[in-house]
Amino acid sequence: MRHIAIIGSGPAGYYTAEACQKQFGDEVRIDIIDRLPVPFGLIRTGVAPDHQSIKGVSRRYETTALTDNVRFVGNVTLGKDASIEELLGLYDAVVLATGAPNDRPLEIPGADLPGVTGSAAFVGWYNGHPDHAALAPALTGGAVVIGNGNVALDVARVLAKTEAEFQGSDIVNHALDALRGATVPAITILGRRGPHQIAMTPKELGELGELERATPVVDAADLPSVDDDATLDPGQRKSVTHLRNFAANPGDKPIRIVFDFFAMPVRIEGDGKVERVVVERTALGPDGSAHGTGETYAIPASLVVSCIGYRTPPIPGIPYDDKAGRFANEEGRIMPGLYAVGWARRGPTGTIGTNRPDGFAIAEKIAEDIGAGSGKAGRPGLDTLLASRGVEVVTFRDWQQIDTAEIAAARAGSPREKFVHVDAMLGARIP
Ligand code: NAP
């Protein structure tokens with residue numbers, strides 16, 4: 001028998017479990033450990049609440065979760081309830097699928113002013129992550145969103161939508177209430193490079209053109225010649241075509257979502273809270289990187305959301321690639337018995353589906369490395385350890401009770417109303 005622990009129950013964790021199941025059949029026992037009492041990681045608290053079709057993939061993870069040889073071990077925190085060393089002693093393989101929940105820091109003066117927030121906190125706030133439920137962002141003035149990736153699009157779209165446009169979403173009530181009272185007249189999306197360098201995908205960018213009360217604004221002067229679009233890959237070309245359409249069809253809806261390209265934030269100013277972002281105009285060097293031109297201007301803002309990427313939190317004693325913000329690894333192998341998958345392995349790139357081949361690749365490596373297993377204690381060993389520490393483990397059956405309670409509490413038209421506090425999640429279990 002092989003014993004495998006996967007830390008993190010997001011897409012990377014569940015795809016790895018599915019792959020290990022396919023690889024080893026009944027000759028494996030897999031424990032998926034998560035610090036929250038609820039599974040699915042980024043599907044629950046990262047994917048935008050109005051992108052329910054993407055969230056539907058959790059049904060696939062549920063199929064994996066409900067098989068006998070896979071177990072969800074929720075409410076267990078690595079480093080507090082059990083150490084990596086202890087898990088390595090109990091399991092033939094320990095797989096870190098811990099994602100990248102920390103923001104890449106915005107290293108400019110004023111980044112610590114109240115009103116400046118990273119996307120992890122802002123996205124966690126509207127998605128009901130217990131760590132960020134208390135955020136209370138300022139929604140009564142201009143908003144500046146830094147970054148030209150899909151997270152910047154999610155944040156801008158959520159800020160711009162009307163209550164009716166959240167129909168069918170699982171945005172949490174505290175965020176919906178705050179957004180209902182919001183008066184954000186302009187949302188500026190800052191890109192330090194240009195339209196050809198955006199990391200926004202076409203479907204997500206196209207959504208900005210269909211909002212009820214907000215209109216995307218692109219300055220045609222920022223767009224390269226149409227002929228140059230031929231150098232782009234097809235997806236990027238579609239995205240740039242959206243930008244061209246936005247530039248050609250300026251709408252007159254009340255909220256403006258302004259794409260400010262070649263614009264690098266250099267400092268954030270304000271008296272005790274953010275009031276403006278000072279931006280420097282950029283030009284691109286021959287290698288495509290942005291450099292400041294010396295020309296600066298200020299954008300008034302009461303909210304700044306930095307969407308410039310994420311980092312995996314390091315674990316003391318585990319090799320870490322500080323530059324890349326993820327565990328140091330060779331194709332997922334960190335050290336004997338220890339592996340990384342998903343964003344913890346490759347950094348915060350790709351879609352949910354990218355994690356599937358990642359999971360299958362690591363299952364093959366584990367198979368090469370651990371043979372038929374080495375008689376470790378596995379599950380019963382973990383149970384004994386956690387019981388000795390009085391840890392209250394949440395099972396998948398418990399999660400199903402929490403799930404049922406969330407579905408029952410949903411406002412009309414919404415799939416669920418999430419519990420946003422761990423105690424409330426634990427309290428929803430039926431004794
Ligand atoms: P991302 O795609 O890596 O984009 C980060 C953006 O931040 C880039 O435009 C980057 O510009 C910019 N940036 C980085 N450092 C900066 C700085 N110091 N100052 C100003 N700008 C800076 O990251 P993301 O948007 O967080 O997305 C993470 C991953 O999740 C991506 O793979 C994304 O596609 C995926 N995602 C997908 C969806 C979806 O499919 N619906 C939704 C959300 C997220 P440079 O290019 O100049 O470095």
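Atoms within each ligand, like the ligands themselves, are counted from 1 in listed order. Side chains included, hydrogens not; waters and symmetry mates left out as well; all remaining heavy atoms used.
- Which parts of ligand 1 touch Gly350 is read off a 4.0 Å heavy-atom cut-off, strictly below it: atoms 32 (O), 35 (C).
- Taking only non-hydrogen atoms, the option from Gly147, Ser306, Gly288 nearest to atom 12 (C) of ligand 1 is Gly147.
- The main-chain N or O of Val172 is never found under 3.5 Å from a side-chain atom of Lys418 such that the two would form a donor-acceptor pair.
- Contacts of Leu106 with ligand 1, taken as heavy-atom pairs under 4.0 Å, are absent altogether.
- Checked by atom type, the side-chain pair Gln401/Thr404 shows no donor-acceptor distance below 3.5 Å.
- For atom 18 (N) of ligand 1, the closest heavy atom belonging to the protein is Arg192 NH1, 3.6 Å.
- Arg267 and Glu280 are not joined by a salt bridge, as no carboxylate oxygen comes within less than 4.0 angstrom of a charged side-chain nitrogen.
- Between Arg244 and Leu223, some side-chain heavy-atom pair lies under the 4.5 Å cut-off.
- Contact atoms of ligand 1 toward Ile146: 20 (C) (distance under 4.0 Å to a heavy atom of the residue).
- Neither the backbone nor the side chain of Ala290 comes within contact range of ligand 1; no heavy atom lies under 4.0 Å.
- Interface of Thr349 with ligand 1, defined as ligand atoms under 4.0 Å from a residue heavy atom, comprises 32 (O).
- Residue Cys307 has at least one heavy-atom neighbour below 4.0 Å for each of these atoms of ligand 1: 5 (C), 6 (C), 7 (O).
- Here the protein heavy atom with the shortest distance to atom 27 (O) of ligand 1 is Val151 CG2, 3.6 Å.
- Contact annotation: the side chain of Asn148 approaches that of Ile189 to within less than 4.5 Å [non-hydrogen atoms, C-beta and beyond].
- Ligand 1 has a nitrogen or oxygen under 3.5 angstrom from a nitrogen or oxygen of Asn150.
- Looking at Gly149, Pro105, Gly118, Ala120 and measuring to atom 1 (P) of ligand 1, the nearest heavy atom belongs to Gly149.
- Contact check on Glu207 versus Arg157 returns a salt bridge, with a Lys/Arg side-chain nitrogen under 4.0 Å from an Asp/Glu carboxylate oxygen.
- The nearest non-hydrogen atom to atom 46 (O) of ligand 1, considering only His51, Arg193, Gln197, comes from Arg193.
- In terms of protein heavy-atom proximity, atom 28 (C) of ligand 1 is closest to Pro348 O, 3.6 Å.
- For the residue pair Asn355/Tyr14, the side-chain donor-acceptor check at 3.5 Å is not satisfied.
- A donor atom on one side chain and an acceptor atom on the other are found under 3.5 Å apart for Asp260 and Tyr297.
- Distance from atom 30 (O) of ligand 1 to its nearest protein heavy atom, with residue and atom name: Trp343 CZ2, 3.5 Å.
- Side chains of Glu165 and Thr162: a donor on one and an acceptor on the other come within 3.5 Å.
- Side chain of Lys365 to main chain of Glu331: no donor-acceptor pair is present (N/O by atom type, distance under 3.5 Å, no hydrogens or angles).
- Contacts between Arg104 and ligand 1, counted as non-hydrogen atom pairs separated by less than 4.0 Å, involve the side chain only.
- Inter-residue side-chain proximity for Leu190 and Ile299 is flagged as met; some heavy-atom pair is nearer than 4.5 Å.
- Atoms of ligand 1 lying under 4.0 Å from at least one heavy atom of Ala199, given by number and element, are 2 (O).
- With hydrogens left out, the protein atom closest to atom 41 (N) of ligand 1 is Glu204 OE2, 3.1 Å, a heavy atom.
- When heavy-atom distances to ligand 1 are checked against a 4.0 Å cut-off, Asp154 comes that close only through its side chain, counted from C-beta outward.
- Nearest protein heavy-atom contact of atom 22 (C) of ligand 1 is Ile308 CG2, 3.4 Å.
- In this model, a donor atom of one side chain and an acceptor atom of the other lie less than 3.5 Å apart for Asp34 and Ser9.
- One finds no salt bridge joining Asp229 and Arg237 here, because no Lys/Arg side-chain nitrogen approaches an Asp/Glu carboxylate oxygen to under 4.0 Å.
- The presence of a protein heavy atom under 4.0 Å from atom 3 (O) of ligand 1 is ruled out.
- At under 3.5 Å, a nitrogen or oxygen of Asn148, whether backbone or side chain, sits near a nitrogen or oxygen of ligand 1.
- Within the 4.0 Å heavy-atom cutoff, Thr201 does not count among the residues contacting ligand 1.
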